Amino acid sequence: MKRFLFLLLISLFILHCYYYYPYLSDDSLISLRYTDRFLLGKGLTWNDNERPVEGYSNLSWILLISIFGKLGFNLILSLRLAGLICSISVLYIIYLYYKDKDFNALFVGLSFLICTSAFATWTIAGLEQPLYTLSICLMIYSVFIIIDLYNFRKYNWLLSISLAVLVISRPDGVLFSVITSFFFFFFLLYQKRSYKFIIAFLIKILSLPIIFYVSQLLFRLNYYGEWLPNTAFVKAKVTLYTIWLGFIYSARALINTLPFSIIGILFIIYFSIVKKNSKFIYLLAVMGSWVVYVTLVGGDIFPAFRHFVLVYVILTYALIEGFIKCNFKIFKTKYFLAIFTFICIPCYLYLQINYSSNKIVKHEKWEWDGLLLGEFLKKGFYKQQPLLGVTAAGCIPYSSNLPCLDMLGLNDYYIARHPPKDYAKGGFIGHELGDVNYILKRNSDILIFTVGQSNPSFRIGAELKKNNEFLRKYKPVLFSINDSYNPTLFMNKYGDKLGIREYDKFITIPGYLLGDSKNNVVVLDKKDNKFKTKILFNKTATITLNSKNKKWRIYSINNQKPDLNNIKITLTSNFKNDSITINLTSLVKEIDIDEIKLAYDK
């Protein structure tokens, strides 16, 4: 019966995960870009021929997904599989520890966890949370068994492994080694153990995490030339503003899981402070330190409370332990499991699904548009290898395999180390970086905001819109990928790879630069994988370019003499701005423009 009910809960959990499918975090695709390049033998790098940056903060997760990739699995599928395996392992470890103690209390605790949307969402969302949470779960499991058996030799290896994995799963994983060390130091001191015994025990559990930490640090220093990952320069800053945001985030994360969260917290407070129970003291230390840390750094921008998944696992332990110690008579009634299964679980699951932060997950699919856009650009521009400036640094870089400039700095050495003066004092946390002069100096061939917004977004977008050089060089062009997705890309008219080419007697203008943000869209010709602007009947395509020489004429369109019966052409010179404007108006149903060549008219 116990196994059947456990399998029933696992089935419900898988269905809960499927409910949020196909949600995929954009940051998970940043990790996949590093993973993909690692598997291709290019190292843990972001671009070719650039100073390498550590734009990821989840080394263990990248290595784990690399194993799946090496075995031939699709990398996005690998994220899902690894997440599901880790999360089900969390449930099994808790089941293994409590199945013979009080199954009814276990059933309540596991039901809370599997019905919590954050746990289901971040199982499939692609980031390192499942592996991180599994390591936390193993850590607590090991500590509890050591306390139960009063055996400081048998399970210290498992505790050491879990702490070591935490260290290389996220930079903040070191926190749990520190907390666990302090806990056992005072616990063993209270048990009147000798200092020699305490030091020997701490060495045993800390040796592996220290080896892992030092090894990664030496690798980072040797490979990236830095003490900290690039992500730390972008996200790890504490101000009054981040503390306030973090407080709101933490409060909402706990409100989201009422009534279970408040019951678990009350158990932790009562049994740790009043009853001085060692297990609850440890849970309080781990949960309290993590919540303080999350609050200090400003919480998180993602939906479904990613950073609180491990808190929900801690609360699951607290709920089960608390219910066991309270020995509520209601758990002993004959029909308790049936009533809880058919009334409490559906009600809590309904509340979870309808909580605002969780509802976002169900409807957020822009990352898949970004993957589609990346593949689209790869088909048409892979030979040219243009530099893409992006704000969505996951989906487009991963699927395009093209050189990319992360305009928000997570994967860029310079931007991460040159924040604005009011950084982390207002605005969208983690998305406030961006240096206009540096970005324009990099001369990206295409700038893409999110996955094709026509209005440049974030702080960097707002500043670029006010910059004359940006307005002169970049033209918003509408690309047509399918009937429902038409992104706007800002094309650099003078870019090194995709821009206008001016020679002594000719100017060559790629057809896609004639597209605009309203009428004339750029399409991909599937026969030759070339981008062409489609000028509809009675519509005019316009482009303005710099040229001190004013005596130009249309020499050819698509390498042929222009047919003036099909197209109307005007060239206008602006002597003040040293520029010329070309207008092409379709006189037939539609015209596809692949290339325009201007010749100097003597």
Side-chain angles (χ1 to χ4, degrees), residues 1-23 64 68 73 77-125 129-142 144-145 158 162 257 260 263-264 304 309-310 312-324 328 330-353 358 361:
M1 185 64 177
K2 292 180 181 178
R3 290 182 180 178
F4 171 76
L5 288 174
F6 177 68
L7 291 175
L8 184 66
L9 289 176
I10 295 296
S11 301
L12 178 59
F13 172 62
I14 293 172
L15 288 173
H16 193 188
C17 293
Y18 182 73
Y19 175 78
Y20 291 112
Y21 183 85
Y23 176 70
L64 177 61
F68 280 88
F73 286 88
L77 176 62
S78 299
L79 294 175
R80 313 284 202 194
L81 288 174
L84 201 58
I85 291 169
C86 289
S87 292
I88 290 176
S89 297
V90 167
L91 298 174
Y92 181 71
I93 289 166
I94 297 172
Y95 168 79
L96 192 66
Y97 183 71
Y98 287 108
K99 65 182 177 69
D100 297 323
K101 297 185 178 182
D102 188 327
F103 187 78
N104 285 8
L106 170 62
F107 190 81
V108 172
L110 288 182
S111 298
F112 155 72
L113 189 56
I114 67 168
C115 292
T116 298
S117 292
F119 188 58
T121 295
W122 291 102
T123 292
I124 63 163
Q129 265 61 41
L131 180 59
Y132 204 58
T133 306
L134 174 59
S135 302
I136 290 289
C137 187
L138 272 174
M139 178 187 76
I140 297 172
Y141 173 83
S142 305
F144 278 19
I145 289 185
L158 186 59
S162 61
T257 49
F260 290 102
I263 296 171
V309 175
L310 69 89
Y312 299 143
V313 171
I314 294 169
L315 289 175
T316 300
Y317 273 104
L319 284 169
I320 300 170
E321 281 286 331
F323 285 133
I324 290 173
F328 291 123
I330 190 173
F331 285 172
K332 309 301 180 182
T333 59
K334 188 176 181 180
Y335 301 106
F336 169 75
L337 288 181
I339 294 170
F340 187 82
T341 302
F342 294 107
I343 297 178
C344 296
I345 290 179
C347 290
Y348 179 68
L349 190 57
Y350 175 81
L351 291 173
Q352 282 293 292
I353 289 172
N358 302 333
V361 177

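Atom set for the values below is all heavy atoms of this structure, side chains included, hydrogens, waters and symmetry mates excluded. On a predicted model such as this, the values are computed, not experimentally measured, just so you know.
Judged purely by atom type and a 3.5 angstrom limit, Tyr95 has no side-chain atom pairing as donor or acceptor with the backbone of Leu106. The closest donor-acceptor contact from the side chain of Asn358 to the backbone of Gln352 lies under 3.5 Å.
Ile85 CD1 to Leu134 CG: the interatomic distance, rounded to the nearest 0.5 Å, is 10.5 Å. In this structure, CG on Leu64 lies 9.0 Å from OG on Ser78, to the nearest 0.5 angstrom. Interatomic distance, OH of Tyr312 versus SG of Cys115, reported as 13.5 Å (0.5 Å rounding). Interatomic distance, Ile114 CD1 to Ile10 CD1, rounded to the nearest 0.5 Å: 7.5 Å. If you take CG on Leu91 and CG on Leu113, they are separated by 5.5 Å, rounding to the nearest 0.5 Å. For the atom pair Ser87 OG and Gln129 CD, the distance stands at 10.0 Å (nearest 0.5 Å).
At a threshold of 4.5 Å between non-hydrogen side-chain atoms, the residues Leu77 and Phe68 do not count as touching. For the pair Phe323 and Phe107, the minimum side-chain heavy-atom distance is 4.5 Å or more. The shortest side-chain heavy-atom distance between Leu9 and Ser111 falls under the 4.5 Å cut-off. Contact annotation: the side chain of Ile124 approaches that of Tyr21 to within less than 4.5 Å [non-hydrogen atoms, C-beta and beyond]. In this structure the side chain of Leu158 reaches within 4.5 angstrom of the side chain of Tyr141, judged on heavy atoms. Using a 4.5 Å heavy-atom cutoff, the side chains of Thr133 and Trp122 are not in contact. No side-chain heavy atom of Val90 sits less than 4.5 Å from a side-chain heavy atom of Pro130. Residues Val108 and Leu319 form no side-chain contact, since every pair of their non-hydrogen atoms from C-beta on lies 4.5 Å or further apart.
Aromatic ring orientation, His16 versus Tyr20: tilted (interplanar angle from 30° to 60°).
A donor-acceptor contact closer than 3.5 angstrom links the side chains of Thr116 and Tyr348. With no hydrogens or angles considered, no side-chain donor-acceptor pair links Tyr23 and Thr121 at under 3.5 Å.
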**Request:** Run the numbers on Leu310 and Ser135 for side-chain contact (heavy atoms from CB on, under 4.5 Å), then give the verdict.
**Result:** CA-CA 10 Å; Leu310 69 89; Ser135 302; over 6 Å; no
**Request:** Decide side-chain contact (heavy atoms from CB on, under 4.5 Å) for Ile145 and Tyr97; before the verdict, give the C-alpha distance in whole Å, the side-chain angles of both, and the deciding distance to 0.1 Å.
**Result:** CA-CA 9 Å; Ile145 289 185; Tyr97 183 71; 3.8 Å; yes
**Message:** Assess the residue pair Phe73 and Arg80 against the criterion (side-chain contact (heavy atoms from CB on, under 4.5 Å)); give the C-alpha distance rounded to whole Å, side-chain angles, the decisive distance to 0.1 Å, and a yes or no.
**Reply:** CA-CA 11 Å; Phe73 286 88; Arg80 313 284 202 194; over 6 Å; no
**Request:** Please test Phe112 against Thr257 for side-chain contact (heavy atoms from CB on, under 4.5 Å), starting from the C-alpha separation and ending with a verdict.
**Result:** CA-CA 9 Å; Phe112 155 72; Thr257 49; 4.0 Å; yes
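In this structure, Ala118 and Val309 approach most closely via the heavy-atom pair O-CG2, 3.7 Å. Across Gly264 and Ala318, no two heavy atoms sit closer than the pair O-CB, 3.8 Å. Taking all atoms of both residues into account, the shortest heavy-atom contact from Ile320 to Gly109 is CG1-CA, 3.8 Å.
A ring-centre distance under 6.0 Å is found for Phe13 and Phe119.
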